[in-house]
Structures are given as C-alpha cells and as structure tokens.
Visitor: 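Handing you a structure now.
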Amino acid sequence: MSINKVADLINKDTLTESELSYLIALEGTERDDFLKATGNKYIGSLGKKVYFRGLVEFSNYCTKDCYYCGIRKSNTHSERYDIDDQAIIDAAKFAHEHKYGSLVLQSGERSDLAFTQRITKLLKEIKAVTNNELGITISLGEQSEDVYREWFEAGAHRYLLRIESSNEDLYYKIHPKDLKHDFETRINCLKTLQKIGYQTGTGVMVGLPGQTYEDLANDLLFFKEMNIDMVGMGPFIEHTETPLYEYKDELWSLQRRFDVTLNMIASLRLLMPDINIAAATALQAIDPMGREKALRYGANVIMPNITPTEHRKDYTLYENKPCTDEGADECSNCLSIRVEMAGREIGYGEWGDSQHFFNRQEKDD
Ligand code: SAM
Ligand code: SF4
C-alpha cells in the first residue's frame with residue numbers, strides 16, 4: 001500500500017502540504033524507493049548536467065547576530081578576516097581558467113558604503129578579467145534596493161538569500177526579534193531581487209530546534225508560491241559558541257537531519273522540476289559523500305570551495321566544516337571524480353542558469 005502511495009505521489013503534477021510532509025518524513029526502504037525513483041525521473045527528463053560554482057567566502061565580519069551562526073557578531077572567539085581584493089580576483093580567475101562557469105561571492109552581512117562600493121568595484125573587475133564569461137552569484141545578505149540594483153548593473157546576475165525558515169514563529173526563535181533581523185524585511189528583499197531581474201535563490205536549514213515536518217513542507221510550498229529560481233537547503237549543525245547550542249539535546253540526530261535534507265531535496269524536485277537546487281556543503285560535514293548523494297536525488301548545482309586556504313578554517317558557521325585544509329585544486333579534482341561517481345556530468349564552462357527563471361519570464365510576457 002505505502003509503496004504504491006509513494007509511486008502515486010511521484011507521478012502527481014503537484015503536491016499538498018500533507019503529501020509533502022509524508023514524503024519528507026519517510027524512513028527505511030520506502031524512503032530508499034522514493035529517493036531512487038525521484039532521482040531517476042528527474043535525470044531521465046532533465047539530463048545529467050551538474051553545474052559548478054566556485055565559492056569564495058571572502059570575509060567573516062558580520063553585523064548581525066543570528067542565533068545559529070558561528071560567525072555572528074557577538075562571537076568574540078571567531079578570528080575575523082577579510083581577503084584582499086587581489087586574492088578574490090585571483091580566485092575568480094582560477095574559476096574561469098578551470099571552466100567552473102560561475103563564481104559565488106559570500107560573506108557576513110555588512111551594508112556600510114565602504115563595503116557596498118567595494119563589491120561594486122570587485123564585480124566590475126571580475127567581469128573584465130574574465131571577458132564577461134564567468135557568471136556571478138552573490139550572497140551578501142539584506143541590502144537596500146539601490147544597492148541590489150548597483151550590484152546587478154555591475155555584473156552579478158544571481159542572488160542567494162535564505163529565508164532560513166518560512167515559519168515566522170520559528171524564524172524568531174532562531175533570530176533576535178529586532179529591526180536587523182526582521183522576517184518581513186527578508187521576504188521583501190527576495191521580492192526586490194526578483195523585481196530587479198536577479199535569478200533569485202533562497203533556502204532553509206533542516207533540523208532546527210522545534211522544527212516539524214509540516215514546517216518543512218510549508219517551506220517547500222513557500223518556495224513555489226514565491227516563484228523562486230534556485231534553492232539551497234542544508235542540515236542545521238550546532239556550533240558551541242552560539243545561543244542555539246543550548247538546544248543540542250533536543251535536536252534530531254545528525255543522521256536524521258541529513259536524511260531529511262535529502263528527502264527535502266527530492267520532494268522539492270518533484271514540486272519544482274525546473275529550478276536549480278544546490279548540494280549544500282553542510283551535507284558533507286555529516287557524510288563524506290553527502291553532496292554526491294544529493295546529486296543522485298535531485299540537486300544539480302555544487303559549489304567547490306575556492307577560498308584561499310589560510311582563511312577557510314575561520315569561516316566556521318558550524319563545527320566540522322569540510323575541505324577547510326585543502327587547496328582549491330585538490331578540492332576541484334576530488335569533486336569531479338565524485339560527481340561522475342554519482343552518475344552525473346559536469347557542465348564545464350556553462351553558467352548553468354535556472355531554467356525556471358526563463359520559464360517564468362516567458363509566462364510574464
Ligand atoms: N550573511 C549572509 C546571509 O546570512 O544570508 C550569507 C552568509 S551565511 C553564513 C550563509 C548561510 O549559512 C545562511 O543562510 C545559513 O543558512 C547558513 N548557516 C549559518 N549557520 C549555520 C549552521 N549552524 N548550520 C547550518 N547552516 C548554517
Ligand atoms: Fe551573519 Fe549570515 Fe551568519 Fe547571520 S547567517 S550571523 S547574517 S553570516
């Protein structure tokens with residue numbers, strides 16, 4: 001009966017909250033069947049291509065105080081760094097030369113003029129030194145519409161801003177309730193990014209204290225309702241120097257958080273077949289083959305870390321962050337072999353834009 005139920009759900013055009021909750025909570029052989037069938041369906045219809053984004057975590061200075069994050073402003077034990085512009089440009093050149101297709105620039109959140117102008121200049125320089133051939137995604141938090149527009153015009157065309165949880169009550173359990181961490185502002189930022197013309201990405205953490213399967217199902221429905229182009233979802237991993245650490249004994253096991261994240265990826269792939277879904281780095285902190293497993297069951301984007309090695313250990317959002325002591329070359333070699341082992345092909349030199357973005361533009365015309 002239940003295997004048939006999974007088969008029925010996989011073939012439905014859309015899924016309800018209760019159907020999604022059912023899939024997200026699956027365990028055992030029924031879960032194995034669901035993941036395999038979804039992966040095969042997706043790869044069969046959309047192909048094997050996986051796109052690389054070279055990830056540069058260029059600074060861990062942050063003005064915010066999210067309760068889960070190891071680089072939050074109030075963590076005085078975090079060693080702060082800011083990679084100089086030339087090293088960032090060199091990392092971009094590395095991505096270009098190795099045919100990664102795209103770059104992701106990520107950091108803690110700052111919105112002072114020195115920071116925003118520096119990013120504008122960097123974006124223009126990266127575009128120039130790579131002959132406009134490198135796609136650029138940025139993930140630099142909440143900014144004003146003017147700043148988002150300035151960065152778009154300087155060459156960034158995709159933006160990642162996770163909603164973290166679409167349940168407003170849970171959002172305020174994991175963030176201070178103040179103007180700097182306002183739920184509505186975050187949603188409005190996503191809408192502004194879409195209005196400007198960015199391919200817009202969001203996502204959530206899986207296994208937060210108090211989070212339910214229904215919350216997670218509603219997160220997926222939120223992505224659909226918001227017409228999101230790209231999603232990154234990873235397991236929540238507690239960090240000793242953060243306020244959420246006090247809930248460590250109430251959390252699902254790390255393995256359960258990992259398994260549910262894969263269930264989320266497969267369920268989202270059924271709900272939104274044409275979006276980009278990233279195999280989040282946090283999966284690899286739990287299972288060495290974590291990201292490759294995500295690629296088998298619906299993810300199509302992977303982000304090799306090309307941050308200069310000496311700083312990787314300081315971008316510690318959570319404990320046991322992977323690849324903190326490898327050079328970029330080492331990381332990319334091991335990844336290409338791993339992607340092929342997962343039965344996928346790398347789209348070398350391609351931007352790997354979200355098909356959903358173009359499909360929704362056509363609908364709007
Ligand atoms: N500061 C920007 C922002 O918050 O959007 C971008 C950088 S932030 C470090 C990137 C993502 O890391 C967040 O959206 C969050 O989901 C994830 N993250 C932070 N702490 C984490 C933790 N303890 N476990 C898992 N993911 C975490
Ligand atoms: Fe700063 Fe982003 Fe971490 Fe929040 S999640 S503390 S904004 S780096």
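Everything numeric in this text was worked out from a predicted model, so none of it was measured. Both ligands and their constituent atoms are indexed starting at 1 by order of listing.
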Visitor: If you count the atoms of ligand 2 from 1 in the order shown, which ones are under 4.0 Å from a heavy atom of Cys66?
Guide: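 Near Cys66, the atoms of ligand 2 are 4 (Fe), 5 (S), 6 (S), 7 (S).
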Visitor: Name the residues with a heavy atom less than 4.0 Å from ligand 1?
Guide: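 Answer by chain and number: Tyr68, Cys69, Gln106, Ser107, Gly108, Glu109, Ser139, Arg162, Glu164, Arg186, Met205, Pro235, Phe236, Ile237, Tyr315, Leu317, Tyr318.
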Visitor: Do NZ/NE/NH1/NH2 and the carboxylate oxygens of Glu145 and Arg149 come within less than 4.0 Å?
Guide: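 Salt bridge flag = yes for Arg149 with Glu145.
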Visitor: Backbone or side chain, does Cys62 get an N/O/S atom under 2.8 Å to atom 1 (Fe) of ligand 2?
Guide: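 It does; at least one qualifying atom falls short of 2.8 Å.
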Visitor: Determine the interplanar angle of the Phe115 and Phe58 rings, folded into 0 to 90°, and report it as parallel if under 30°, tilted if 30 to 60°, perpendicular if over 60°.
Guide: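 Rings of Phe115 and Phe58: parallel, under 30°.
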Visitor: Check for me whether the distance between the ring centres of Tyr68 and His175 falls short of 6.0 Å.
Guide: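 Between His175 and Tyr68, which both carry aromatic rings, the centre distance is below 6.0 Å.
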Visitor: Under 6.0 Å from the NZ atom of Lys127, do we count more than 12 heavy atoms belonging to anything else shown?
Guide: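 It does: Lys127 NZ has more than 12 such atoms within range.
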Visitor: Does Gly141 reach ligand 2, in the sense of a heavy atom lying below 4.0 Å from it?
Guide: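 It does not; every heavy atom stays at 4.0 Å or beyond.
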Visitor: With heavy-atom distances below 4.0 Å as the criterion, list the atoms of ligand 2 near Tyr68.
Guide: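 It comes down to these atoms of ligand 2: 5 (S).
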Visitor: State plainly whether the residues Lys180 and Asp178 are in salt-bridge range, i.e. N to O under 4.0 Å.
Guide: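 So Lys180 does not pair with Asp178 through a salt bridge.
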Visitor: Any donor-acceptor pair under 3.5 Å linking the side chain of Asp65 with the backbone of Ser74?
Guide: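 Between the backbone of Ser74 and the side chain of Asp65 there is a qualifying donor-acceptor contact (under 3.5 Å).
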Visitor: Provide the number and element of each atom of ligand 2 under 4.0 Å from a heavy atom of Gly108.
Guide: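 It comes down to these atoms of ligand 2: 8 (S).
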Visitor: Are any non-hydrogen protein atoms located under 4.0 Å from atom 2 (Fe) of ligand 2?
Guide: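 Flag for atom 2 (Fe) of ligand 2 set to false, no protein heavy atom closer than 4.0 Å.
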Visitor: What distance separates Ile346 CD1 from Phe52 CZ, expressed to the nearest 0.5 Å?
Guide: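 With rounding to 0.5 Å, CD1 (Ile346) is 3.5 Å from CZ (Phe52).
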Visitor: Please examine the side chains of Ser166 and Phe223, heavy atoms only from C-beta on, and report whether any two atoms are closer than 4.5 Å.
Guide: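 No. Closest side-chain heavy atoms not under 4.5 Å.
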Visitor: At less than 4.0 angstrom from any non-hydrogen atom of Ile71, what atoms of ligand 2 do you find?
Guide: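 The list of qualifying atoms is 8 (S).
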Visitor: Against Trp252, only a single residue in Phe236, Tyr247, Tyr213 fulfils ring pair (Phe, Tyr, Trp, His ring centres under 6.0 Å); can you say which?
Guide: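 Passing option: Tyr213.
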